[in-house]
2 protein chains.
Amino acid sequence: MVSPPSRSRAEPATLPATAWAVLGMLSFEVEPTGYEIRKWSEHILRFFYWSPAMSQIYAELKRLEKAGYATSRPDVAADGRPRRVYAITSEGREALAAWASGAPVGPPVLKHGPALRVWLGHLAGPETLRRVVTEQRERAERLAEEAERSRRDAVAGTGWAHAELVARWAVRYHRAERDLADRMLADLDELAARRPPG
Amino acid sequence: MVSPPSRSRAEPATLPATAWAVLGMLSFEVEPTGYEIRKWSEHILRFFYWSPAMSQIYAELKRLEKAGYATSRPDVAADGRPRRVYAITSEGREALAAWASGAPVGPPVLKHGPALRVWLGHLAGPETLRRVVTEQRERAERLAEEAERSRRDAVAGTGWAHAELVARWAVRYHRAERDLADRMLADLDELAARRPPG
DNA sequence: CGTTGCATGTAAGGTGTTACATGATTAC
DNA sequence: GTAATCATGTAACACCTTACATGCAACG
């Protein structure tokens with residue numbers, strides 16, 4: 001006779017990483033609205049983990065409330081407009097801590113559109129490829145700069161040491177992406193030289 | 001009176017990138033089974049664009065056939081077992097070429113689980129973080145080696161110049177990920193030294 | 001005779017997006 | 001006035017995964 005599976009404190013509900021990310025935002029000492037969570041994720045999360053859609057945020061908040069990991073209360077903004085603010089519960093904090101230190105970490109998910117295009121390069125003329133990779137180079141450069149700005153904001157806050165660490169990682173990541181694009185451009189040029197047009 | 005939207009040669013059906021990736025596999029001079037497509041995507045696609053599930057492959061093949069971009073015919077394997085092989089049609093080749101040279105390329109999608117964990121580092125003891133990042137370091141190293149093997153296979157084939165280019169990119173990408181993990185480990189150590197335990 | 005590989009699918013469900021709907025306040 | 005920002009949701013749909021179902025061939 002095996003004891004039936006029960007969800008005790010040691011076994012938090014299995015939620016998608018997005019839910020934990022949202023709950024994680026509540027674990028910083030603030031009481032944000034769904035809208036503010038979105039803005040925040042645009043500000044930092046997108047550099048290493050994508051930014052969920054507004055509707056997704058609200059859906060996750062609803063799920064977290066249902067699980068007892070978050071609570072919400074009506075509030076009024078500075079200008080008097082009504083809004084709803086969210087907070088993490090102690091159960092939520094416990095579950096999040098258990099997840100953060102216990103759950104297996106899957107491999108990073110990468111879907112690199114520009115690389116896919118180059119892979120199908122035999123169908124798309126060298127100019128197109130150069131354009132695609134150059135665009136990617138510029139995007140990566142832009143992201144690196146934006147991540148650097150985000151990092152500087154993190155330095156300002158106290159208790160944001162890990163946020164700053166990740167921001168630093170993100171800056172390096174997007175610089176690496178830029179460099180990779182540069183090397184790809186060089187390789188493309190070399191290929192074009194080996195196989196002259198016509 | 002506006003003329004009704006019609007799908008002519010200039011406007012290929014909008015398909016998800018996955019469909020184009022599968023169709024792209026058919027654009028190399030082979031006539032694979034769904035099963036072989038899957039193996040191939042495990043062999044190379046996963047290093048820069050994830051590998052779809054078997055059922056997803058079959059679903060995409062069905063969709064491509066319906067769109068007239070692929071055909072299939074029953075075949076027999078070397079051992080006599082029945083199977084179904086797929087080929088690209090001329091419409092498919094045209095649509096694929098139009099997509100490859102015309103469709104806008106979105107930003108790479110990245111969901112970096114290890115980075116997410118570090119971001120929530122205030123909830124998870126330094127040993128956990130070290131473990132997570134070390135695992136990531138090793139995974140990246142392994143992927144770089146596997147990508148390098150895949151690259152060598154691409155060199156062997158003729159007409160695979162772009163596949164080799166992307167494989168080279170993938171090797172560099174995963175080496176960069178490994179280096180990023182190393183630098184993250186150094187940063188974590190520095191943080192732990194600044195804030196000693198207790 | 002059991003496991004692995006080849007081979008093809010269906011069904012159910014979860015994750016996530018876009019489009020839609022609504023309405024207040026602030027800045028131009 | 002009208003555009004942008006703040007703010008909250010619903011509905012429909014697309015994408016993709018896991019689990020399930022089936023069966024033959026080759027290898028040990």
Side-chain angles (χ1 to χ4, degrees), chain A residues 13-23 30-43 45-46 49-67 70 72-86 104 106-107 109-111 113 116, chain B residues 13-23 30-43 45-46 49-67 70 72-86 104 106-107 109-111 113 116:
Chain A
T14 52
L15 295 173
T18 305
W20 297 116
V22 170
L23 192 56
V30 284
E31 221 183 337
T33 65
Y35 191 87
E36 284 169 341
I37 290 173
R38 176 76 213 273
K39 296 237 344 220
W40 197 5
S41 82
E42 286 277 304
H43 186 70
L45 211 57
R46 73 175 166 116
Y49 203 87
W50 118 115
S51 194
M54 228 21 273
S55 61
Q56 176 77 357
I57 304 264
Y58 287 120
E60 296 299 350
L61 286 170
K62 192 178 280 182
R63 167 154 42 184
L64 290 169
E65 272 202 278
K66 206 168 150 190
S72 69
R73 61 177 184 82
D75 186 42
V76 275
D79 58 24
R81 270 185 294 183
R83 58 189 215 156
R84 179 165 288 271
V85 291
Y86 292 83
V109 173
L110 178 69
K111 286 189 174 188
L116 182 61
Chain B
T14 51
L15 294 173
T18 306
W20 296 116
V22 169
L23 191 57
V30 285
E31 221 184 336
T33 64
Y35 191 87
E36 284 168 342
I37 290 173
R38 173 78 212 273
K39 296 229 358 212
W40 197 5
S41 81
E42 287 276 306
H43 188 69
L45 211 58
R46 72 176 166 116
Y49 204 89
W50 118 114
S51 192
M54 228 20 273
S55 60
Q56 177 75 359
I57 304 263
Y58 287 119
E60 295 299 350
L61 286 169
K62 192 177 281 182
R63 167 153 43 184
L64 289 169
E65 273 202 278
K66 206 168 150 191
S72 68
R73 61 177 182 83
D75 186 42
V76 273
D79 58 24
R81 268 184 296 181
R83 57 188 215 156
R84 180 165 287 269
V85 290
Y86 292 84
V109 173
L110 177 69
K111 287 188 175 189
L116 183 62

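Distance CE (A:Met54) to P (C:dT22): 19 Å, rounded to an integer number of Å. Rounding to whole angstrom units, CH2 of residue B:Trp40 and P of C:dA7 are separated by 16 Å. We find that CZ of A:Arg81 is positioned 10 Å from P of C:dA27, with the value rounded to whole Å. With rounding to whole Å, B:Glu65 atom CD is found 12 Å from C:dT8 atom P. What separates CZ of B:Arg73 from C1' of C:dT8 is a distance of 17 Å, to the nearest Å. In this structure, NE2 of B:His43 is placed 18 Å from C1' of C:dG5, rounded to the nearest angstrom. For the pair B:Asp79 CG and C:dC6 C1', the interatomic distance rounds to 8 Å; values are reported in whole Å.
Contact check, A:Ser55 against C:dG16: no side-chain N or O comes under 4.0 Å of OP1 or OP2. Within the structure, every side-chain polar atom (N or O) of A:Lys111 is placed at least 4.0 Å from both OP1 and OP2 of C:dG16.
Near-neighbour residues of DNA chain C inside residues 56-64 of chain A, defined by a heavy atom below 4.0 Å, number-ordered: A:Gln56, A:Arg63.
Rounding to the nearest 0.5 Å places NZ of A:Lys66 at 9.5 Å from NZ of A:Lys62. In this structure, OH in A:Tyr86 is found 10.0 Å from CG in A:Leu64, a value given to the nearest 0.5 Å. Interatomic distance, B:Trp50 CH2 to B:Gln56 CD, rounded to the nearest 0.5 Å: 6.0 Å.
Using modelled atom types, one side-chain atom of B:Arg38 and one backbone atom of B:Pro52 make a donor-acceptor pair closer than 3.5 Å. Judged by distance alone, the side chain of A:Arg63 and the main-chain N or O of A:Ala59 form no donor-acceptor pair under 3.5 Å.
The closest side-chain heavy-atom distance from A:Val30 to A:Trp40 is below 4.5 Å. Residues A:Ile57 and A:Tyr35 fail the side-chain proximity criterion, which asks for heavy atoms closer than 4.5 Å. At least one side-chain heavy atom of A:Met54 sits less than 4.5 Å from a side-chain heavy atom of A:Tyr58.
Running 5' to 3' along DNA chain D, contacts with non-hydrogen atoms of chain A at under 4.0 Å begin and end at D:dT5 to D:dC16.
For the residue pair B:Ser72 and B:Glu65, a side-chain donor N or O sits within less than 3.5 Å of a side-chain acceptor on the partner.
When each of A:Thr18, A:Val22, A:Leu23 is tested with A:Trp20 by the rule side-chain contact (heavy atoms from CB on, under 4.5 Å), just one qualifies, namely A:Leu23.
Checking A:Gly80 against A:Thr18, the closest nucleotide of DNA chain C that is more toward the 5' end is the one next to A:Thr18. Summary of the strand contacts: A:Ser51 and B:Thr33 both lie near DNA chain C, and taking for each the nucleotide with the nearest heavy atom, the more 5' one is attributed to B:Thr33.
For the pair B:Lys39 and B:Glu36, the salt-bridge criterion is not met [side-chain N within less than 4.0 Å of a carboxylate O].
Comparing the local axis fitted to the first five base pairs of the helix from C:dC1-D:dG28 to C:dC28-D:dG1 with the one fitted to its last five gives a bend of 30°, rounded to 10°.
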